[in-house]
Visitor: 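My structure is below; once you've seen it, I'll send some questions.
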2 protein chains.
Amino acid sequence: MSLQYAILIALTEGPRSGYDIAKLFDQSVGFFWRARHSQIYRELGKLKDKAWAVAKEIVQSDKPNRIEFSITEAGREALMQWSRQPTEPQELKDDFLVQLYGIEAIDLDALRANLLARQERHRDLHAQYQAKYKLLENSDILGDIGRRLALEVALIYEREWGDWCTRALDQLSPEALGSQNNVIPIEQEKRA
Amino acid sequence: MSLQYAILIALTEGPRSGYDIAKLFDQSVGFFWRARHSQIYRELGKLKDKAWAVAKEIVQSDKPNRIEFSITEAGREALMQWSRQPTEPQELKDDFLVQLYGIEAIDLDALRANLLARQERHRDLHAQYQAKYKLLENSDILGDIGRRLALEVALIYEREWGDWCTRALDQLSPEALGSQNNVIPIEQEKRA
DNA sequence: GCGTTCATGTAACCTGTTACATGATTCT
DNA sequence: AGAATCATGTAACAGGTTACATGAACGC
């Protein structure tokens with residue numbers, strides 16, 4: 001259901017085509033709810049069926065035609081109703097943490113490599129969000145306050161994951177673990 | 001796929017029935033990967049088909065019989081292989097943040113109520129994780145280090161969300177927003 | 001000639017949720 | 001008598017991903 005509302009939110013900024021929304025979902029709103037174009041077209045169809053949005057074909061000569069969707073009054077009302085229901089926070093769900101939990105049964109070296117890769121990823125994303133955040137600083141328009149708060153979550157999320165990776169790498173380093181290194185010798189692995 | 005591995009991790013601690021795993025998934029490993037019993041039974045069937053686990057019926061006189069699953073050598077090997085592949089970090093996906101992003105189109109009062117409810121939830125969960133964490137403190141067994149690090153993520157996650165809720169409530173309070181309060185008067189709503 | 005961007009869609013599949021279904025024992 | 005715990009499963013559906021499919025225009 002939520003994707004439909006996320007699309008409606010995108011439509012409150014003006015008419016958008018499926019293609020537009022797909023691109024938008026790679027930035028802005030999409031930081032908090034991602035979707036592939038295949039799914040977006042599917043959901044746009046449902047929005048049309050419910051009359052929460054209306055479609056209009058825009059004829060273009062230089063590019064392929066586009067089908068623009070606009071939010072209707074019923075759509076706005078649906079958004080309002082949606083916001084009045086309690087939302088469920090996203091729960092932690094990460095196979096990496098599952099691996100950590102079962103650390104004795106997995107390859108420690110691979111885990112370390114994974115940690116390193118993640119650390120880099122989180123730092124990259126943090127920088128990305130920070131750039132977006134800077135653009136909203138010092139504004140006190142309601143919309144900007146909201147978007148800033150949302151981005152703040154993203155910033156903290158990446159920052160804390162990044163920092164945690166550093167600590168984890170430290171605690172799981174061969175030096176810190178001493179003799180408890182469970183890495184399977186290469187010779188044994190080659191036989192398997 | 002990941003659920004199968006999460007189940008295998010649970011089985012590394014010893015033979016477990018579907019029922020056991022379902023309960024386990026409400027604590028420990030399940031903090032990082034949740035599943036309903038219906039899904040667990042389905043995945044256990046697949047593990048059996050792949051010979052990553054074997055089933056054995058335990059006859060009980062006082063309680064209904066149980067079917068215990070044990071991890072096989074092939075299962076352990078599958079876990080190893082799995083841990084050698086890069087994992088994708090969980091991306092932020094939260095309809096609440098979508099609402100914040102489209103704050104102009106939603107009911108601010110409802111959003112505030114939602115924030116308050118979430119704040120409480122995060123504090124509760126934080127306390128819960130903290131209790132679990134305490135039990136692992138000061139141990140330097142590899143397994144405990146892993147579980148501690150995993151729990152640390154959960155702790156930080158809840159703490160930061162909780163703190164953020166406080167700041168958000170502050171910034172979105174009627175006093176802070178002044179005239180920008182977009183709440184729809186009750187009279188108008190009653191007509192709709 | 002080749003890749004990219006623009007633009008829209010369908011089909012098959014996988015994962016996860018909700019609800020249905022059954023039945024014994026133990027506790028209050 | 002009724003609720004909770006133990007214990008196993010199936011069926012239908014919802015949400016999301018991957019791959020398939022098509023085709024024009026533009027820059028290198």
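Protein chains get the first letters and strands the later ones, always in sequence-line order, with residue 1 at the start of each.
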Visitor: Let me know the distance between CZ of A:R36 and P of C:dT8, rounded to the nearest Å.
Guide: 18 Å
Visitor: Measure the distance from CD on B:Q4 to C1' on C:dT15 and round it to the nearest whole Å.
Guide: 11 Å
Visitor: Which nucleotide sits closest to the side chain of B:I67: C:dG16, D:dG16, D:dG9?
Guide: D:dG9
Visitor: Quick one: closest heavy-atom pair of B:R147 and A:Y101, and the distance?
Guide: NH1-O, 3.1 Å
Visitor: Can you tell me which nucleotide in C:dG16, C:dA7, D:dA7 comes closest to the side chain of B:Q60?
Guide: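 Taking heavy atoms from C-beta onward, the closest nucleotide is D:dA7.
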Visitor: Using atom OH of A:Y41 as one end and atom P of D:dA21 as the other, report the distance to the nearest whole Å.
Guide: 19 Å
Visitor: Do B:R118's NZ or CZ and the ring of B:F96 fall within the cation-pi criteria of under 6.0 Å and 45°?
Guide: yes
Visitor: Pick the nucleotide of DNA chain D nearest each of B:G18 and B:R42; which residue has the one closer to the 5' end?
Guide: B:G18
Visitor: Suppose we screen for salt bridge (charged side-chain N to carboxylate O under 4.0 Å, His left out). Which residues come up paired with A:R42, at least two apart in sequence or across chains?
Guide: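 Partners of A:R42 under the salt bridge (charged side-chain N to carboxylate O under 4.0 Å, His left out) test: none.
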Visitor: What is the distance from CG of B:D20 to P of D:dC6, rounded to the nearest Å?
Guide: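 Rounded to whole Å, this separation is 10 Å.
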Visitor: Measure from NE2 on A:H37 to P on C:dT10 and round the result to the nearest Å.
Guide: 11 Å
Visitor: If we check ring-ring contact (aromatic ring centres under 6.0 Å, His included) with A:Y5, which of these qualifies: A:F32, A:W33, A:W52?
Guide: A:W52
Visitor: Using atom CG of B:D26 as one end and atom C1' of D:dT5 as the other, report the distance to the nearest whole Å.
Guide: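 Going from CG in B:D26 over to C1' in D:dT5 covers 14 Å.
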Visitor: When the nearest nucleotide of DNA chain C is assigned to A:Q39 and to A:N65 on a heavy-atom basis, which residue is associated with the more 5' position?
Guide: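 On the 5' side of the pair lies A:N65.
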Visitor: Below 4.0 angstrom from OP1 or OP2 of C:dT8, is there any side-chain N or O of A:Y19?
Guide: no
Visitor: Run the side-chain hydrogen bond (donor to acceptor under 3.5 Å, both in side chains) test on A:D20 and A:S17 for me, step by step, so that the C-alpha distance in whole Å, both residues' side-chain angles and the decisive distance to 0.1 Å come before the verdict.
Guide: CA-CA 5 Å; A:D20 291 337; A:S17 71; 3.2 Å; yes
Visitor: With nearest nucleotides of DNA chain D determined for B:R66 and B:S38 from heavy-atom distances, which residue corresponds to the more 5′ nucleotide?
Guide: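 Counting from the 5' end, the first nearest nucleotide belongs to B:R66.
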Visitor: Report the residue (B:P64 or A:K63) whose heavy-atom-nearest nucleotide on DNA chain C is the more 5′ of the two.
Guide: A:K63
Visitor: Whole-Å distance between C:dT8 C1' and A:K23 NZ?
Guide: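 Those two atoms, NZ and C1', are 15 Å apart.
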Visitor: What is the distance, to the nearest angstrom, from the CD1 atom on B:I58 to the P atom on D:dA7?
Guide: 11 Å
Visitor: Is any side-chain N or O of B:S17 closer than 4.0 Å to OP1 or OP2 of D:dT8?
Guide: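 Looking at the OP1 and OP2 atoms of D:dT8, one of them is under 4.0 Å from a side-chain N or O of B:S17.
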